[in-house]
Amino acid sequence: MTSPHEPGPKSASPSPLELPLRRLRLAELPLDTEELARFLIGAVIVSDGPGGRIAARLVETEAYLPGDEAAHSFRGETARNATLFRRRGLAYVYFIYGNHFCLNVSSGPEGVGAGVLLRAAEPLDGIAAMEARRNGAAVRDLCRGPGRLAAAFGITRAQDGIDLCAPGPLWLAAPLRPAEAPGTSVRIGLTRAADRELRFYERGSPYVSGPAALSS
DNA sequence: TCACTGATCGTCT
DNA sequence: GACGATCAGTGAG
């Protein structure tokens, strides 16, 4: 790791930003999982914890559909993926590779396993808190990847099942500005159903994860 | 910038 | 007992 120090916004600026965040209502979320994944690009994920507010603008998502071989729900409901089979708008959090948590939004009606993986986001507020949780990573890298995003927000299985459209510690807010030039690609890190174009991202955003060839 | 590897452990077969 | 919706570190081009 010999990269030069970035002149990014690393200075201590703990003053609250007073972002005009409006909680998304469940009725605003598209019923279709793929549409929801597109819709969430530009939306804001917000955590209100004891350490203050953390907020980040979503720039990358992936859709996991019913009957999708790559989806955790494909082999039926288990204790681990039960939230995916509940109603839409809930946080589905799972533990992966022995190291990381990933955050999804459940998207199906009761009994149908579907969801949207939140893969990457642009930090907006609570950057100091995110840096502390991410061991001082560069701002660009704080939420660039699903495991990193969850780590920056302090998300664990304890957040599984939280209603993201209701007052609470973790919620979704309407976009502050519309997403620019949304792009699509195949999903990342899969061995099954790896050819389906169900990844959505904001073209040109430096906060998007994955190889550059998938985000052009 | 990309390719490769080890870490690490819950979940399911 | 094997695998996995990942990440950080390393080395090559």
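Quantities reported herein were computed from a predicted structural model and do not represent experimental measurements. Lettering of chains follows the sequences in order, A, B, ..., and the numbering in each one begins at 1.
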- Roughly how many Å is it from CD in A:Glu77 to C1' in B:dC12, rounded to a whole number? 15 Å

- Message: Between A:Glu60 and A:Glu122, is there a side-chain heavy-atom distance shorter than 4.5 Å?
- Response: no

- Query: Between B:dT13, C:dT6, B:dT11, which one does the side chain of A:Arg119 approach most closely?
  - Reply: C:dT6

- Query: Taking C-beta and beyond as the side chain, do A:Leu198 and A:Thr184 meet within less than 4.5 Å on heavy atoms?
  - Reply: no

- Is A:Arg87 salt-bridged to A:Glu110, cutoff N-O under 4.0 Å? no

- Query: What is the nucleic acid contact for A:Arg187, judged by heavy atoms within less than 4.0 Å: base, sugar-phosphate only, or nothing?
  - Reply: nothing

- Message: Nearest whole Å is fine: how far is C:dC3 P from A:Phe95 CZ?
- Response: 19 Å

- Any A:Thr191 side-chain nitrogen or oxygen under 4.0 Å from OP1 or OP2 of C:dC3: no

- Report the distance from atom CD of A:Glu62 to atom C1' of C:dT6, rounded to the nearest whole Å. 12 Å

- Item | Residue of the set A:Arg119, A:Arg38, A:Glu62 for which side chain to side chain contact (heavy atoms under 4.5 Å, CB included) holds with A:Phe200 | A:Arg38

- Contacts to DNA chain B from residues 96-116 of chain A, heavy-atom cutoff under 4.0 Å, which residues? A:Tyr97, A:Gly98, A:Asn99

- Just checking, is any N or O donor in the side chain of A:Ser73 or A:Asn81 under 3.5 Å from an acceptor N or O on the other one? no

- Item | A:Trp171 vs A:Asp163, side-chain hydrogen bond (donor to acceptor under 3.5 Å, both in side chains): CA-CA, chis, key distance, verdict | CA-CA 7 Å; A:Trp171 49 281; A:Asp163 186 342; over 6 Å; no

- Message: Is the distance between the ring centroids of A:Tyr94 and A:His72 under 6.0 Å?
- Response: yes

- Message: Expressed as a whole number of angstroms, how long is the span from A:Arg134:CZ to C:dG9:P?
- Response: 10 Å

- Nearest-Å distance, CZ (A:Arg133) to P (C:dC7)? 17 Å

- To the nearest Å, give me how far apart CG (A:Asp68) and P (C:dA5) are. 11 Å

- For A:Ile155 and C:dC7, what is the distance between atoms CD1 and P respectively, to the nearest whole Å? 14 Å

- Looking at B:dC12, C:dA8, C:dG4, which one has an atom nearest to any side-chain atom of A:Arg148? C:dA8

- Message: Within the structure provided, determine whether A:Arg134 and A:Val139 are in side-chain contact (heavy-atom separation under 4.5 Å).
- Response: no

- Item | Closest nucleotide among C:dA5, B:dC12, C:dA8 to the A:Tyr94 side chain | C:dA5

- Report yes if some heavy atom in the side chain of A:Pro182 is under 4.5 Å from a heavy atom in the side chain of A:Glu202; otherwise report no. no

- Query: Contacts to DNA chain C from residues 204-216 of chain A, heavy-atom cutoff under 4.0 Å, which residues?
  - Reply: none

- Query: Once Watson-Crick and G-U wobble pairs under 3.5 Å are found, how is DNA chain B written in dot-bracket notation, 5' to 3', with | for any base paired to another strand?
  - Reply: |||||||.||||.

- Test item: A:Arg187 side-chain N/O and A:Ala63 main-chain N/O as donor-acceptor pair under 3.5 Å: yes

- Ignoring hydrogens and angles, state whether a donor on the side chain of A:Ser185 or A:Arg199 is under 3.5 Å from an acceptor on the partner side chain. yes

- Between A:Arg80 (CZ) and C:dG4 (P), how many Å, whole number? 11 Å

- Item | A:Arg57 side chain to A:Ala43 backbone, donor-acceptor under 3.5 Å | no

